[in-house]
2 protein chains.
Amino acid sequence: MTPNLDSLSAFRHLCRQHGIAATHQRQAVYECVMESNDHPTPELLHERVRRRIPMISLATIYKCVHTFMRIGLWKEASLHHGPVRVDPNLRPHHHLVCRMCGSMTDISHSGVDLLRIFGKLPRRFRADTVVAEILGTCVDCQIRRR
Amino acid sequence: MTPNLDSLSAFRHLCRQHGIAATHQRQAVYECVMESNDHPTPELLHERVRRRIPMISLATIYKCVHTFMRIGLWKEASLHHGPVRVDPNLRPHHHLVCRMCGSMTDISHSGVDLLRIFGKLPRRFRADTVVAEILGTCVDCQIRRR
DNA sequence: TTCGCTGCAAAGGTTTTGCATCGGA
DNA sequence: TCCGATGCAAAACCTTTGCAGCGAA
């Protein structure tokens, strides 16, 4: 059973669990993200955290974000960001995305109408497309690794 | 009925339909993408197109890609690329992504097990996650626009 | 005290832009 | 001929990195 800790010691506990130092920069970044309802970019996070620690640098934000992702506390919401990729296939289809090399392969729509599955979306959001992104490891990277 | 045209005049026809000039650079970029089975980045496309037009610049590749996307011939396979976005929500969930402002909102998993729906994936791809990305226009942008 | 973390500044990678020139219609 | 497209170079944007000094343990 997790002990009922206040915010500060809960954060220290978390850091100890993962073997990282509990700096106040990390705590501020952590709390700002956990209080967010959106999915902030490092830039936006920097703005928010600076209200508490005016001198914190953007590089530190990036480092904190990577650290928390590495230890599995957060994920990257923006899948396969990086260079644009062109898709000339206009028929509905989904993507197999390799986490290691970033390669993308189409797979057919196969009669799965996701817009129907997600029929009860928030009424206020005007949806036009639903794409399934299937993340994993491609054949080449399975062979190549280790 | 579309006339049966050879490659060159088919391309000219397409350009005329969309009111853009049929330059040989655009034709080479167009053909390279249409012959691709992957989803090339501008960089990779540049390499490939240079086999035909050694002096073509990377800026032209970017401009062509934007043009073909603008007229609706191609899409962007890499959804919401750009700055990283942090996602501290570790429970399975999907995303509402606004095409205009890039904002992302979580929607609940709602019992839809996409990995089961996509049960018959290519055996060789080792899938670990399926995320549905629901693209459209958020409330704020619906109000803001025009 | 020690080692990991921060802040700064520089560099790396991707994309856009301004402008002179070229070429398609 | 005319206007839009290209090529180049510079700038803008996003992210990573190296290193000296700081601070958590």
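Chain letters run A, B, ... following the sequence lines, proteins first, then strands; residues in each count from 1. Remember, predicted model here, so these are calculated numbers, not experimental data.
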Item to check | Heavy-atom pair of closest approach, residues A/Gln142 and A/Thr137 | outcome: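 Closest approach of A/Gln142 to A/Thr137: NE2-O, 3.0 Å.
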Please set out all donor-acceptor pairs under 3.5 angstrom arising from side-chain atoms of residues 58-70 of chain A, sequence neighbours excluded.
| residue | atom | partner | partner atom | Å |
| --- | --- | --- | --- | --- |
| A/Thr60 | OG1 | A/Ser57 | OG | 3.1 |
| A/His66 | ND1 | A/Tyr62 | O | 3.4 |
| A/Thr67 | OG1 | A/Lys63 | O | 2.8 |

Item to check | Residue closer to the 5' end of DNA chain C, A/Ala21 versus B/Thr23 (nearest nucleotide) | outcome: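 Its nucleotide being nearer the 5' end, the pick is A/Ala21.
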Checklist entry - Are OP1 or OP2 of D/dA25 and a side-chain N or O of A/Arg16 less than 4.0 angstrom apart? => result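 No, because none of the side-chain N or O atoms of A/Arg16 sits under 4.0 Å from OP1 or OP2 of D/dA25.
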Checklist entry - Under 4.0 Å: is that the gap between some side-chain N or O of A/His24 and OP1 or OP2 of D/dA24? => result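 Result: yes.
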Rounded to whole angstroms, how far apart are [atom1] on [X] and [atom2] on [N]?
X: B/Gln25; N: C/dT21; atom1: CD; atom2: P; result: 18 Å
X: B/His18; N: D/dA5; atom1: NE2; atom2: P; result: 14 Å
X: A/His13; N: D/dA24; atom1: NE2; atom2: P; result: 20 Å
X: B/Gln27; N: D/dT6; atom1: CD; atom2: C1'; result: 16 Å
X: B/Arg26; N: C/dG23; atom1: CZ; atom2: P; result: 15 Å
X: B/Glu43; N: C/dT16; atom1: CD; atom2: P; result: 14 Å
X: B/Phe68; N: D/dA5; atom1: CZ; atom2: C1'; result: 12 Å
X: B/Glu47; N: C/dT14; atom1: CD; atom2: P; result: 12 Å

Item to check | Residues which pass salt bridge (Lys or Arg N to Asp or Glu O under 4.0 Å) with B/Arg48, listed by chain and number, not counting sequence neighbours | outcome: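 Only B/Asp38 meet the salt bridge (Lys or Arg N to Asp or Glu O under 4.0 Å) criterion with B/Arg48.
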Checklist entry - Residues in salt bridge (Lys or Arg N to Asp or Glu O under 4.0 Å) with A/Arg52, at least two apart? => result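 With neighbours one apart ignored, the set is A/Glu31, A/Glu35.
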Next on the checklist: Using five pairs at each end of the helix from C/dT1-D/dA25 to C/dA25-D/dT1 to define an axis, what is the angle between those two axes, to 10°?
Outcome noted: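 Computed angle between terminal axes is 40°.
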Checklist entry - Are B/Ile20 and B/Ile56 connected in a single hydrophobic cluster, I mean Ile/Leu/Val/Met/Phe/Trp/Tyr linked by side-chain heavy atoms less than 4.5 Å apart? => result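 Linked, B/Ile56 and B/Ile20 end up in one cluster.
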Checklist entry - Are B/Val33 and B/Ile71 connected in a single hydrophobic cluster, I mean Ile/Leu/Val/Met/Phe/Trp/Tyr linked by side-chain heavy atoms less than 4.5 Å apart? => result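 Same cluster.
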Using only atom types and a distance under 3.5 Å, with no angle test, would you say the side chain of [X] pairs donor to acceptor with the backbone of [Y]?
X: B/Arg85; Y: A/Ala77; value: no
X: B/His94; Y: A/Ala132; value: no
X: B/His93; Y: B/Asp106; value: no

Checklist entry - For A/Thr129, which of B/Arg99, B/Glu133, B/Lys75 qualifies under side chain to side chain donor-acceptor pair (under 3.5 Å)? => result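 Testing each of B/Arg99, B/Glu133, B/Lys75 against A/Thr129, the sole residue satisfying side chain to side chain donor-acceptor pair (under 3.5 Å) is B/Arg99.
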Item to check | Atom pair CD (B/Glu47) and CG (B/Leu45), whose distance is rounded to the nearest 0.5 Å | outcome: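 Those atoms lie 10.0 Å apart.
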Produce the list of close N/O pairs, under 3.5 Å, pairing protein atoms with atoms of nucleotides 10-13 of chain C; give distances to one decimal.
none

Checklist entry - Near DNA chain D, under 4.0 Å by heavy atom, which residues of residues 51-66 of chain B? => result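 Within this stretch, B/Met55, B/Ile56, B/Ser57, B/Ala59, B/Thr60, B/Lys63 sit under 4.0 Å of the strand.
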